[in-house]
Amino acid sequence: MTSEQIANTGSVTADHGSIQTHAQTQPRQNDSVKGCPSERKCGLRWRPAMLHPASLRVLLPWLTSIIGIAFALCLVIAWFPSTVWNTPIVSSDAPAHYYFIRRLLDEGLGAALHLWPHNSFYPPLFHVCAYFVIKIAALFGVQCSIYAAFNITWIIASGVIFPSGMLVLCRYFLQRWNRGNSISNPISRISQASPTSESSFVSKSSNVSNQQVSSAVNRQYNATLDATFVLQNLIGLFVPVLAVSSVCHPYGLLNAGPLIAFGFATSLLPFLIAATLRLFDAIAAREHIVKWLAITAIAGVVCLVAHPRIAFTYALILVPFIVLRLPWKLILGAFIAMCVGAVAFVALMLTSFKSDRWANPASWFHSHQPSKNLWESISFCFTDGLDGFPAILFALLLIAGTVAAFVCASRRAAMRSADSLSGAVSTVTPDFSADADALASDTEVSAPGVSPVSTSGLPAASCSDAADVSLSASSEPSRPRRNDRLRDVIALTAAFLLVTLVYVCTVTLVGALPNIISAPWYRDENRIMTMLPLVALPLLVIGVNALSECVSVCAASASFAPSASSFSTKNSASSSSSVPSLSSTSAVSSVRNVSFASNWIGPIAVFLVVAILAVSAQIVCSSRTAARDAIIAHSSLNQSDPNEQLTEQKITVLRKVTERTGTQATIISDPLNGSMYADTLFNANMLYPIINARTDVPSAPFGKVETAFASGDAQQVLGTVCPLTDAPEYFLTMGDQAQSLQSFPYRAQYDSFHNEELIDTYVDGGTLVKVADYSQYGQGWALYRFGCAD
């Protein structure tokens, strides 16, 4: 072969700014003769329009998200106890929530700002949503009960809103993790490793062949099936399911209280956190600040209307991100705002709740008892409240993924620092080896001052280089990012540790400091449990993504080693010739294996592991089952204790009482005997339908009636009770307080309402007149009418 032939063989032709070899352009010319203008167009000709890569990139994430949320909704519906559709949940806070919905129906939306009986504010968003469920059902001619509206609102919040919010939050972190990555090209994935002597020899002796192999690699890559795209869609399938797999939220709060308003705010919180983080991004980029500030403000107002105390959870999770991602002036402003809020909260507590223990934090929550030891509380956090095998798998993925994420992020930060340093001392001319189609598909742009790695050689890499899969510069924004990966990993880990600290202080530790730390959540385990999925799932997501990168690069490295050896052997055999071997069929085949390994091995492994986790969490779920069984037991009317809140006998008595008094007359009774459920069961006008009415509010009717009734003064009783309404006033006795409510801290304030001696005194004096006797259902059960002149 002459020198002219050699020159022609290795010649480079320019076509619209791309660099191609003669060997690369020849197949395309042959395709054009056959009626196929280019290899890319020929390969895509048979595909339907909807399978175009751009269409798939738009539609597939939406499709997988909808499927994932639908699965989550089905899980929530399947778990939901069927017994509470016609009967109420019998617990401490449930009557209040039913009463709030009833008051909205009776008085309209104007009552939303003063739902309490003494007309003070209670977070109304959940109850307003239930109100609209009833009104919308009425438009279609369907009569929806308060209990059904309550349940539907809970199911929508827990099975749709919460998993959707967690999906938005996790995808935010995943997109930041993969932003600017060139994970598509296996050559660029492993080319940062130091080349071996064999690869250096190949690079020098077979430049043309390697250019062919590089083009083959780029042509093998399909933009719709890169690892980032696959992982994002896996997230769309599994994050909603995992979000509703733990007893932490939403199931625990339905059983505890139920804490409906706080649970509804928790379901909304992921959207607020994601909007706030987007605002931080806008501040860093100095663009779209007003837009994201408005979105964050609206989301914040919605969460506060759902429950103001959710602000403590929001602040706890956001503190690490504020420190790591905002300018120092904004950090200072944020902490000043938090201090002002803390002072306001302390002032509110001091003025609202009178106590002689404020100066002694160790005496706060004196009735609280630890429920777990230190190991149990820590392991509960690392397992996200799962059980058995899913708990172990979740903890392993969380720990291994966090370590991998730290390694990946640290190596990326080190590489960026090295690139910045080299770019400051010299400017290197980029060396492109990909053809025009590869450049168009990868859409990679070299960063200023940074030289892309030449793919003219075939470097080898080891699994130790798997910590950072995508170190090449691509699609950089106009303003340089400041180690986003490392900052996110540190912030998420810090947030997770803060939540773990609060949880351990609540369920394990005692003393002044644990009381102070957990006081914003009432030192209540159920409220603090809800924070775990908010930090554990995003940390798991980026950790799994990092593990996928490691697996992909290890697989690519293992597949690439034989290719380098093959090239070295071939070129050594032909070293006597002045022309390198151009037979690259086996090399292209090997590179195809590398492309498959690097693009698919990691996502496939992640898919299998996460799928096993998601499925097994639905099979082994003893905590969720226990919560469901507890709710069923609470809603059952077959109680062994006749003094429990609701029994068959009490349902019968409450029905008879309402038939006798009508729905306009006022009925007074001890709310801890279950009488308050008559309000929503039979539309009775119970004066005390909730059990924690405050006595320190002057306008509270409860405080006035309770004080008058306990006084023993008949004139004071009648002077207080009779002016309440124009309708008659009744007094109902149904035995002692329920045993299930003995932990209620203010139960003693109702003792006068079941004091038999005091009641007999009022009967003897004519203050109370017995109108119905229900002693056949329970000892001392009777209905009395106050002796008002009406």
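Quick caveat, the model's predicted, so the values are computed rather than measured.
Residues H368 and T506 have side chains that never bring a donor and an acceptor to within less than 3.5 angstrom of each other. Side-chain atoms of S752 and E706 form no donor-acceptor pair, as typed in the model, at a separation below 3.5 Å. Looking only at atom types and distance, the side chain of Y522 has a donor-acceptor partner in the side chain of R309 under 3.5 Å away. For the 3.5 Å distance criterion, the side chains of T663 and N683 fail to qualify, holding no donor opposite an acceptor. With hydrogens and angles left out, the side-chain atoms of T720 and Q716 include no donor and acceptor closer than 3.5 Å.
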*Assess whether side-chain contact (heavy atoms from CB on, under 4.5 Å) is satisfied between V244 and Y251, documenting all intermediate values.*
CA-CA 8 Å; V244 298; Y251 311 104; 3.7 Å; yes
*Which is it for I146 and L105 under the side-chain contact (heavy atoms from CB on, under 4.5 Å) test, yes or no, and what are the steps along the way?*
CA-CA 9 Å; I146 290 177; L105 292 173; 4.0 Å; yes
_Please determine whether side-chain contact (heavy atoms from CB on, under 4.5 Å) holds for the pair T87 and Y147, giving the CA-CA distance in whole Å, both sets of side-chain angles, and the decisive distance to 0.1 Å._
CA-CA 7 Å; T87 58; Y147 306 126; over 6 Å; no
*Before giving the answer on ring-ring contact (aromatic ring centres under 6.0 Å, His included), spell out for F80 and W85 the whole-Å C-alpha distance, their side-chain angles and the decisive distance to 0.1 Å.*
CA-CA 10 Å; F80 194 81; W85 287 98; 5.5 Å; yes
_Assess the residue pair Y762 and Y784 against the criterion (ring-ring contact (aromatic ring centres under 6.0 Å, His included)); give the C-alpha distance rounded to whole Å, side-chain angles, the decisive distance to 0.1 Å, and a yes or no._
CA-CA 10 Å; Y762 287 135; Y784 303 88; over 10 Å; no
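Not one N or O on the side chain of N526 forms a donor-acceptor pair closer than 3.5 Å with the backbone of A256. Remark: side-chain polar atoms of W781 are not paired, donor with acceptor, to backbone N or O of S775 under 3.5 angstrom. Proximity of a side-chain donor or acceptor of Q639 to a complementary backbone N or O of L646 within less than 3.5 Å is not detected. D670 places no side-chain N or O within 3.5 Å of a backbone atom of H754 that could act as its donor or acceptor partner. R103 places a side-chain N or O within donor-acceptor distance of the main-chain N or O of H114, the cut-off being under 3.5 Å.
Atoms SG and CD1, from C505 and I528 in turn, are 8.5 Å apart once rounded to the nearest 0.5 Å. Atoms OG and CD, from S371 and E376 in turn, are 8.5 Å apart once rounded to the nearest 0.5 Å. In this structure, the separation between CG on N673 and CG on L732 is 6.5 Å, given to the nearest 0.5 Å. In this structure, CD1 in I631 is found 9.0 Å from OG in S91, a value given to the nearest 0.5 Å. Here CG of D751 is found 5.5 Å from CD of Q737. Values are rounded to the nearest 0.5 Å. For the atom pair CH2 of W521 and CZ of F312, the computed distance is 7.5 Å after rounding to the nearest 0.5 Å.
Applying the side-chain contact (heavy atoms from CB on, under 4.5 Å) criterion to D760, with sequence neighbours excluded, gives no partner residue. Not counting sequence neighbours, the partners of S379 by the side-chain contact (heavy atoms from CB on, under 4.5 Å) test are W375. Here S158 pairs with V76, W154, P250 under the side-chain contact (heavy atoms from CB on, under 4.5 Å) rule; sequence neighbours left out.
Across all non-hydrogen atoms, the minimal contact from F786 to I668 is CE1-CD1, 3.8 Å. Across all their heavy atoms, C248 and T530 have their closest contact at O-CG2, 3.7 Å. Of all non-hydrogen atoms in I69 and S164, the two that sit nearest each other are CD1-OG, 3.1 Å.
For the pair V507 and Y503, the minimum side-chain heavy-atom distance is below 4.5 Å. In this structure the side chain of F731 never reaches within 4.5 angstrom of the side chain of V721, judged on heavy atoms. Here the side chains of H97 and F126 are not in contact, with every heavy-atom distance at 4.5 Å or above. The shortest side-chain heavy-atom distance between M529 and V247 falls under the 4.5 Å cut-off. Residues F271 and C303 fail the side-chain proximity criterion, which asks for heavy atoms closer than 4.5 Å. Using a 4.5 Å heavy-atom cutoff, the side chains of D384 and P533 are in contact.
In this structure, K372 is positioned above the aromatic face of F380, its NZ or CZ under 6.0 Å from the six-membered ring centre and within 45° of the axis.
Shown here is E107, whose CD atom has more than 12 heavy atoms of other residues, nucleotides or ligands within 6.0 Å. Atom CD of Q776 is surrounded by more than 12 heavy atoms from other residues, nucleotides or ligands within 6.0 Å. No more than 12 heavy atoms of other residues, nucleotides or ligands shown are found within 6.0 angstrom of CD on Q715.
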